Protein chains: 2
Amino acid sequence: MADLTLEDIAKQAGVSRSTVSRVVNNHPHVSEGVRKRVLEVIQITGYQPNAAARTLASQRSWMIGLVVPRSVSSFFTDPYFPHLTRGIAKGCNQHDYTLGLFLVGTKEDEEKILPRVSRSGLLDGILVQAGHHGDQVIDRLVQSTIPLVMVGRPFHTEGISYIDVDNIEGAYNAVSHLVRLGYQRIGTITGPSKSTVGVDRMEGYRKALNERGHTLDESLVTEGDFTEAGGYYAMQRLLPAKPDAIFAASDIMAVGAIRAAQEADLRIPDDIAFVGFDDVPLANHRDPKLTTIRQPVYQFGFSAVEILIELIENGREPARRVMVGTELIIRDTCGASRRR
Amino acid sequence: MADLTLEDIAKQAGVSRSTVSRVVNNHPHVSEGVRKRVLEVIQITGYQPNAAARTLASQRSWMIGLVVPRSVSSFFTDPYFPHLTRGIAKGCNQHDYTLGLFLVGTKEDEEKILPRVSRSGLLDGILVQAGHHGDQVIDRLVQSTIPLVMVGRPFHTEGISYIDVDNIEGAYNAVSHLVRLGYQRIGTITGPSKSTVGVDRMEGYRKALNERGHTLDESLVTEGDFTEAGGYYAMQRLLPAKPDAIFAASDIMAVGAIRAAQEADLRIPDDIAFVGFDDVPLANHRDPKLTTIRQPVYQFGFSAVEILIELIENGREPARRVMVGTELIIRDTCGASRRR
DNA sequence: TCTGCAATTGGGAGCGCTCTCAATAATCAT
DNA sequence: ATGATTATTGAGAGCGCTCCCAATTGCAGA
């Protein structure tokens with residue numbers, strides 16, 4: 001099964017190594033008869049070309065790496081990652097790439113992983129999940145020469161390729177929806193201001209209020225960290241300002257915020273409305289069901305791979321930028337069904 | 001930075017390729033002076049040995065693969081996976097292995113992935129997440145010659161190495177706890193009977209009832225699928241049998257079951273008690289907080305890697321088996337604080 | 001000083017593939 | 001039939017490393 005070489009197949013098929021190589025790689029200039037015969041031998045023997053030898057000779061590993069920096073702590077808590085990973089895995093599979101996973105957990109991990117991913121002969125390209133501003137790994141990776149696509153927009157974008165969800169527009173739509181429903185004191189629980197996700201969703205909130213003639217009240221804005229507990233405490237901070245609606249920059253935070261609101265004996269959506277962001281399954285299983293912004297995470301991962309492959313094949317320049325749209329999912333917590 | 005070869009380093013340090021190789025691989029028989037000089041050149045130039053060349057020459061790729069079969073659908077819904085993956089990634093990192101991720105989503109994925117993982121020169125060993133009985137990928141992988149460790153016990157274990165959580169004991173402890181608290185009609189929502197996890201947790205339930213003089217009432221047993229919705233419907237099926245306590249084979253199902261119980265106007269734990277399994281963070285953030293069995297998932301993944309590496313280095317025979325223990329986490333839903 | 005031995009170093013083959021280039025075979029126009 | 005042209009095939013070098021073996025060096029003991 002294993003450990004057959006090109007030469008073995010060649011011998012069995014009565015041709016040369018070169019010819020077998022041509023067949024395996026689907027190159028032209030092989031007569032139909034020979035191609036068929038070689039294919040047959042390969043079929044029977046179950047021959048698989050040796051990955052290392054192929055990589056060494058062709059200088060292409062057909063492997064890409066997904067690097068998740070240390071500052072991406074939501075790896076555990078957020079269903080975002082399983083879906084992203086699935087999309088990426090699917091993309092790799094479909095294009096015959098192997099996926100390497102590099103999770104940076106600690107500073108030591110960082111020291112081991114950085115040299116490894118930039119080592120020649122291992123990866124053809126790298127996908128980096130965007131993290132916090134100033135993350136070591138991201139900064140150092142970006143200046144390597146290997147093709148690279150950021151998943152999520154980084155703070156500094158000069159010359160670097162990325163794919164991102166249109167967070168500004170998503171947040172804008174969420175908040176506009178609340179405005180349209182007539183809410184007057186719309187607060188927000190933002191994501192970390194050290195991440196572009198956090199900043200952009202805040203920007204969308206700001207934009208929606210402005211365009212629709214609301215003034216931004218600082219007492220209705222507070223920062224969360226994309227965790228349930230973070231949302232809970234954020235809501236407690238917001239409560240004194242008497243908001244009648246909240247846009248939470250993530251569903252998980254919305255869940256925490258709702259818990260805090262309920263503990264304060266507020267009814268949802270009668271006393272206070274909520275819109276989240278992400279559309280995690282959880283949000284659809286609770287009562288009341290969460291109105292939210294859905295992002296196509298699976299597709300997002302899949303596309304990231306395709307962009308990277310395009311980069312690998314056609315060069316890094318110019319940098320590619322892709323934005324993907326979102327969708328407003330109206331459920332119970334925004335009160336749309338009972339108002340208007 | 002990249003594309004330096006051993007030969008380049010050798011030239012710069014005024015020694016031979018062989019000597020540099022010895023230094024890089026920390027082999028003996030290099031004089032201190034030479035070693036220092038070579039190390040210096042490597043330091044300055046940022047040389048990294050070419051992975052493919054090394055793999056080809058040494059027949060070791062220093063890479064292991066994690067294969068997640070199609071029948072493992074909980075990949076998305078369960079926090080188990082992020083933690084497992086983190087543990088595995090940590091193990092790889094610490095032992096200087098690269099981690100390859102192979103998620104099998106569809107039948108087509110299967111056809112692409114199977115040849116790839118068994119291709120020589122790519123992986124030194126494979127970790128396979130246990131899935132359902134009869135899963136193609138698992139069966140075919142197991143009979144390959146490459147070192148392999150199953151994460152979770154498979155149905156047929158002859159000759160194969162695995163690491164597993166002691167599910168029987170965990171479930172036994174959970175149910176024993178309920179018995180001790182005096183509950184009389186203890187029901188269970190099991191996992192799929194096609195998985196050993198499901199079977200074992202059921203076995204623990206059975207064992208606890210038997211040993212403590214309860215008889216097993218079939219109307220108090222129903223099968224779930226490790227999802228929230230599955231738990232919800234399972235609970236609805238159980239309700240007519242009037243259980244006063246439920247052991248759910250996973251927290252996620254417990255959450256669904258609790259929702260169903262609450263909709264039926266049962267108070268928890270006064271009217272009905274719950275114990276889950278997994279200790280997902282979610283379970284600790286809700287009200288009432290879930291009593292559960294904690295499994296050391298991170299450690300589990302880490303150990304799996306170490307077992308695999310041991311296999312790679314010392315051969316597949318004999319098969320290694322490791323069981324890891326669990327811990328009962330007592331919170332609100334079992335009613336321990338108000339009873340006894 | 002010389003021999004013997006161990007420690008250190010260098011040279012060479014080879015891992016299994018790709019890819020260029022030359023050789024051969026097949027095809028066609030003349 | 002002949003030379004020119006093109007399609008098919010094979011040989012060989014080389015990708016960058018490891019590892020064996022032989023050569024060299026250093027040093028202790030006689």
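Naming: A, B, ... by sequence-line order, numbering from 1 per chain. Since the structure is predicted, the reported quantities are computational estimates derived from the model, not experimental observations.
Between the CG atom of B:Leu6 and the P atom of C:dG10 there is a distance of 13 Å, given to the nearest Å. In this entry the distance linking CD of A:Glu7 with C1' of C:dC17 reads 10 Å, nearest Å. Between the CG atom of B:Asn25 and the C1' atom of C:dT9 there is a distance of 16 Å, given to the nearest Å. Regarding B:His27, its NE2 atom lies at a distance of 15 Å from the C1' atom of C:dT9, rounded to whole Å. The CD-P distance, from B:Glu32 to D:dG26, rounds to 17 Å in whole Å. One atom, NZ of B:Lys11, and another, C1' of D:dG16, lie 13 Å apart when rounded to the nearest Å. Rounding to whole angstrom units, CG of residue A:Asn50 and P of C:dT18 are separated by 10 Å. Rounding to whole angstrom units, NZ of residue B:Lys36 and P of C:dT8 are separated by 17 Å.
In terms of modelled atom types and a separation under 3.5 Å, the side chain of A:Ser161 and the main chain of A:Ala319 share no donor-acceptor contact.
For D:dT9, neither phosphate oxygen OP1 nor OP2 lies less than 4.0 angstrom from any side-chain nitrogen or oxygen of A:Thr19. Contact check, A:Ser21 against C:dC17: no side-chain N or O comes under 4.0 Å of OP1 or OP2. OP1 and OP2 of C:dC19 both lie 4.0 Å or more from every side-chain N or O belonging to A:Gln59. Within the structure, every side-chain polar atom (N or O) of B:Ser16 is placed at least 4.0 Å from both OP1 and OP2 of C:dT9. When the side-chain nitrogen and oxygen atoms of B:Tyr47 are compared with OP1 and OP2 of D:dC17, one or more of them lie within a distance under 4.0 Å.
With respect to B:Asp135 and B:Arg70, no salt bridge is recorded, no charged nitrogen being found less than 4.0 Å from a carboxylate O. A salt bridge links A:Glu32 with A:Arg35; the closest basic N to acidic carboxylate O contact falls under 4.0 Å. The pair B:Lys90-A:Asp109 meets the salt-bridge criterion, since a charged nitrogen lies less than 4.0 angstrom from a carboxylate oxygen.
Checking C:dC19, D:dG16, D:dT18 against the side-chain heavy atoms of A:Leu56 singles out D:dG16 as nearest. Closest to the B:Ala53 side chain, of the nucleotides D:dG10, D:dC17, C:dT18, is D:dC17. Side-chain atoms of B:His29 lie closest to C:dT9 of the nucleotides C:dT9, C:dC17, D:dT18.
Taking the ring centroids of A:Tyr298 and A:His83, they lie at or beyond the 6.0 Å cut-off.
For residues 15-24 of chain A, every residue pair satisfying the salt bridge (Lys or Arg N to Asp or Glu O under 4.0 Å) rule, not counting sequence neighbours, is listed here: A:Glu7-A:Arg17.
In the interface, the side chain of B:Ser18 is paired with the base of C:dG11 through a donor and an acceptor atom under 3.5 Å apart. For C:dT18, the base has a donor-acceptor partner in the side chain of A:Arg17 [N/O atoms by modelled type, under 3.5 angstrom].
A donor and an acceptor atom, one from each side chain of A:Gln59 and A:Thr55, are nowhere located under 3.5 Å apart.
Of the residues near DNA chain D, B:Ala52 and B:Arg22, the one whose nearest nucleotide (by heavy atom distance) lies more toward the 5' end is B:Ala52.
With a 6.0 Å radius and a threshold of 12 heavy atoms from other residues, nucleotides or ligands, B:Lys194 has its NZ atom at or below the threshold.
Each end of the helix from C:dT1-D:dA30 to C:dT30-D:dA1 gets its own axis from five base pairs, and the two axes differ in direction by 40°, given to 10 degrees.
Backbone-only contact: B:Ser31 has heavy atoms under 4.0 Å from sugar-phosphate atoms and none from a base.
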